[in-house]
Amino acid sequence: MIARIQEKYNQLNMNVLKITKMKYFNEIYAAALALVTILGWKFSSVAGMIIMILLGTAALILTKDLKYVIPNCIYFIFMFSEGFASDSFPIPVLVFGGIFAILILFFSFKDGIRLKRMKSLIGLAGLAITTILPIIWCRAPKGNEVFYFLFFGNLGYLLLYMIMTNGIKENGIDLLAVSMSFLVIILTCECAFKVYELKMKWSDTPILAMWYYLGWGLCNEAGILLCLALPFVFYLLGKQEKISGMIYQNFKIIFGIVGIILTTSRGAYLFGFIEIGILYLCLFFVSKKARVYQNVFMIYFLLCLIGVVCLKEPLSAVIEKVIENVFTLGFDDNGRKEIWNLAYQHWKESPLTKIFGPGMICEIQNIETAMGYQDSPLVFHSTFFETLVAGGLVGVLFLIIHFIQKYRNLKKCNLLFFITIGIGLIIVDIYGFIDNSYHMYYYMLPLMVIMGAVDSSIFVEKEPLSLEAESL
């Protein structure tokens, strides 16, 4: 009986894997999950998260490969349309999520821990350890003990990276790229829905003057994530051989440009448009069909010029407002110097805090959050200062190691992927030194999936047959 069930299961597994090899499977699969995410965010976060977990569970059981839960892991957090209090997180999500987590751990580690795949382990493990250490001397005010879980955030991100690198059995680069391209659609739709909602309430407020929460984060944090996701669309654009495919990917880029504008984030305007300009130029040289791409780009450029002429007045208003936000208001630090100075003051309190950091919750203030004004650990709006506070000089050292490993591993991928995603990550890392990126869950979770997919795919390509020998 058991043997028969096993035979049926193996046959089903083979049939499902055949379906995944179909030409447009990745696009259809990621698009469907993106739609679930958008509808969940808009109408019911709890229902959306449960559906996403169940779909991920089915995909994992049917394929036995974490490659097919890449979009589930990336999209899940973007269904939070409003914050959940620590004592009221939906029980059904916890139950189904717990079952899903057990399955993921089983399929990832049933053959042992594959250390050879984890090329970014040292940097990430170092960040995790140095973030935890200050819990010994950093104390949360009475009543705010829940903040202690923040010390273990980087440990959780490390675990996700280990899970993905061990659990992805096939090359997951293409599904990763398609999943990230639909993250552009998700973020733009969420920003558009929120702006429309606010415009109905405050019709006199200009769209580009709005500042709003999306539930899982702020509008400027959506800008950072758009800058992270858009390079994957350029990678897909560079792979296209037909004009129709190039037009399709360009529509995603246009969608992303609209999303960047709707974030009303000065940083996203500055870094996002620089990123887009550089990537369009780079594809002249590294796209798979360079001549076809160049011809399409010229047609695209001419159509944009015609659009500018036909829509001169509204476009001029938008461009003027964007320029005003970046250059007129733009280089005002918006209080960052004071925040960075506060981080520096906490860091220099003692030799111990200089070496290992004062801890992520060293400064707690009553500030506006997605759930109103609450006591909350201050975020220092800088990768450097956030790391300096979280782990001191040792933490900064491991951050440098992490950057080296991240870009070194990326270089092992094909040239098109290395150029497009490498440029994107460099720009986002620079952006992160003046805004929230590292140590923030909405950024770190997608980043760990990206790094896990990249590192595992490098190994799968080079040594696809020697999995048993590397298991511990």
Side-chain angles (χ1 to χ4, degrees), residues 1-37 39-40 45-79 90-114 117 156 159-176 178-180 182-183 445-446 448-450 452-453 455-457 459-460 464 467-468 471:
M1 182 67 177
I2 295 176
R4 189 175 179 183
I5 293 174
Q6 182 67 41
E7 182 182 349
K8 291 286 186 183
Y9 172 66
N10 290 337
Q11 185 62 45
L12 181 61
N13 172 248
M14 289 177 63
N15 291 335
V16 170
L17 289 177
K18 285 180 183 178
I19 294 173
T20 66
K21 305 303 180 186
M22 294 173 64
K23 186 173 182 180
Y24 297 109
F25 172 81
N26 287 349
E27 289 283 342
I28 295 170
Y29 183 57
L33 292 177
L35 181 61
V36 170
T37 304
L39 293 176
S45 295
V46 174
M49 286 186 281
I50 291 173
I51 292 170
M52 187 68 79
I53 291 170
L54 292 176
L55 290 173
T57 301
L60 195 54
I61 291 173
L62 292 174
T63 66
K64 299 186 282 188
D65 190 344
L66 262 68
K67 169 184 173 179
Y68 299 101
V69 299
I70 285 174
N72 305 69
C73 293
I74 293 173
Y75 299 160
F76 185 79
I77 59 171
F78 299 106
M79 278 187 284
I91 298 300
V93 175
L94 291 175
V95 172
F96 287 112
I99 295 170
F100 184 48
I102 292 170
L103 281 172
I104 283 181
L105 290 171
F106 171 74
F107 282 108
S108 295
F109 300 118
K110 65 186 179 69
D111 296 322
I113 299 175
R114 299 176 175 130
R117 290 190 174 200
L159 178 60
L160 176 59
Y161 166 77
M162 294 174 66
I163 287 170
M164 298 309 291
T165 49
N166 278 269
I168 294 175
K169 304 296 191 298
E170 298 180 354
N171 190 316
I173 292 295
D174 283 345
L175 183 54
L176 170 68
V178 173
S179 300
M180 290 299 290
F182 277 99
L183 181 59
L445 292 174
M448 292 303 101
V449 176
I450 292 168
D455 288 4
S456 63
S457 296
F459 181 85
V460 167
L467 298 183
E468 297 296 330
S471 299

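We count residues from 1, following the sequence as given.
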Colleague: When you compare the side chain of Phe100 with that of Met52, does any pair of heavy atoms fall below 4.5 Å?
Modeller: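 No, too far: nothing below the 4.5 Å cut-off.
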Colleague: For Phe76 and Ile53, run side-chain contact (heavy atoms from CB on, under 4.5 Å): C-alpha distance rounded to whole Å, both residues' side-chain angles, the deciding distance at 0.1 Å, then the answer.
Modeller: CA-CA 8 Å; Phe76 185 79; Ile53 291 170; 3.7 Å; yes
Colleague: For Gln6, is there any backbone N or O sitting under 3.5 Å from a side-chain donor or acceptor partner on Asn10?
Modeller: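 Between the backbone of Gln6 and the side chain of Asn10 there is a qualifying donor-acceptor contact (under 3.5 Å).
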Colleague: Would you give the length of the straight line joining atom CG of Leu62 to atom OG1 of Thr57, rounded to the nearest 0.5 angstrom?
Modeller: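 Output value for this atom pair is 10.5 Å.
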Colleague: With heavy-atom distances below 4.5 Å as the criterion, would you say the side chains of Phe182 and Ile74 are in contact?
Modeller: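 Counting from C-beta outward, Phe182 and Ile74 never come under 4.5 Å.
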Colleague: Examine distances only and state if a side-chain atom of Lys110 and a backbone atom of Ser108 form a donor-acceptor pair shorter than 3.5 Å.
Modeller: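 No, Lys110 side chain to Ser108 backbone: no donor-acceptor pair under 3.5 Å.
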Colleague: Rounded to the nearest 0.5 Å, what separation is found between the OG atom of Ser45 and the CG atom of Leu39?
Modeller: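 Output value for this atom pair is 11.5 Å.
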Colleague: Look only at the side chain of Tyr29 and the backbone of Pro71, and say whether a donor-acceptor pair between them is shorter than 3.5 Å.
Modeller: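 Checked: no pair found.
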Colleague: Rounded to the nearest 0.5 Å, how far does CG of Leu33 lie from CD1 of Ile28?
Modeller: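 Rounded to the nearest 0.5 Å, the CD1-CG separation comes out at 12.0 Å.
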Colleague: Please evaluate residues Leu12 and Lys8 with respect to the criterion side-chain contact (heavy atoms from CB on, under 4.5 Å), reporting the C-alpha separation (whole Å), side-chain torsions for both, the decisive distance (0.1 Å), and the verdict.
Modeller: CA-CA 6 Å; Leu12 181 61; Lys8 291 286 186 183; over 6 Å; no
Colleague: Please find the pair of heavy atoms, one from Gly48 and one from Val36, that lie closest to each other, and give the distance.
Modeller: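 Smallest heavy-atom distance, with atoms named: O-CG1, 4.0 Å.
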Colleague: With a sphere of 6.0 Å drawn around NZ of Lys23, does it hold more than 12 non-hydrogen atoms of other residues, nucleotides or ligands?
Modeller: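 12 or below, so no.
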Colleague: Which distance, rounded to the nearest 0.5 Å, do you find between the CG of Asn166 and the OH of Tyr161?
Modeller: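 Going from the CG atom of Asn166 to the OH atom of Tyr161 covers 9.0 Å.
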Colleague: Which atoms form the tightest heavy-atom contact between Leu66 and Phe107, and what is the distance?
Modeller: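 Looking at all heavy atoms of both residues, the closest pair is CD1-CB, 4.1 Å.
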Colleague: Please report the closest heavy-atom contact between Ala453 and Ile168, naming both atoms and the distance.
Modeller: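 Looking at all heavy atoms of both residues, the shortest contact is CA-CD1, 3.7 Å.
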Colleague: For Arg117 and Ser456, work out which heavy atoms get closest and say how close.
Modeller: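 Closest pair (atom of Arg117, atom of Ser456, distance): NH1-CB, 3.9 Å.
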Colleague: Please step through side-chain contact (heavy atoms from CB on, under 4.5 Å) for the pair Met180 and Leu183, ending with a clear verdict.
Modeller: CA-CA 5 Å; Met180 290 299 290; Leu183 181 59; 4.0 Å; yes
Colleague: What pair of heavy atoms forms the shortest contact from Asn171 to Ser457, and how long is it?
Modeller: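 Heavy-atom minimum between the residues: OD1-OG, 3.5 Å.
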Colleague: Glu170 and Asp65: which non-hydrogen atoms are nearest, and at how many Å?
Modeller: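 Heavy atoms of Glu170 and Asp65 come nearest at N-OD2, 3.3 Å.
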Colleague: Between Asp174 (side chain) and Asn26 (backbone), is there a donor-acceptor pair under 3.5 Å?
Modeller: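 Judged by distance alone, no pair lies under 3.5 Å.
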Colleague: In Å, rounded to the nearest 0.5 Å, how long is the span from CG of Asp455 to CD1 of Ile450?
Modeller: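 Asp455 atom CG to Ile450 atom CD1 measures 11.5 Å (nearest 0.5 Å).
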Colleague: For Tyr75 and Leu35, indicate whether the former's side chain and the latter's backbone hold a donor-acceptor pair under 3.5 Å.
Modeller: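 Absent.
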Colleague: How long is the straight-line distance from CG of Leu159 back to CE of Met448, given to the nearest 0.5 Å?
Modeller: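 Interatomic distance, Met448 CE to Leu159 CG, rounded to 0.5 Å: 12.0 Å.
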Colleague: Between Tyr68 and Leu17, does the side-chain contact (heavy atoms from CB on, under 4.5 Å) criterion hold? Intermediate values first, please.
Modeller: CA-CA 10 Å; Tyr68 299 101; Leu17 289 177; 4.2 Å; yes
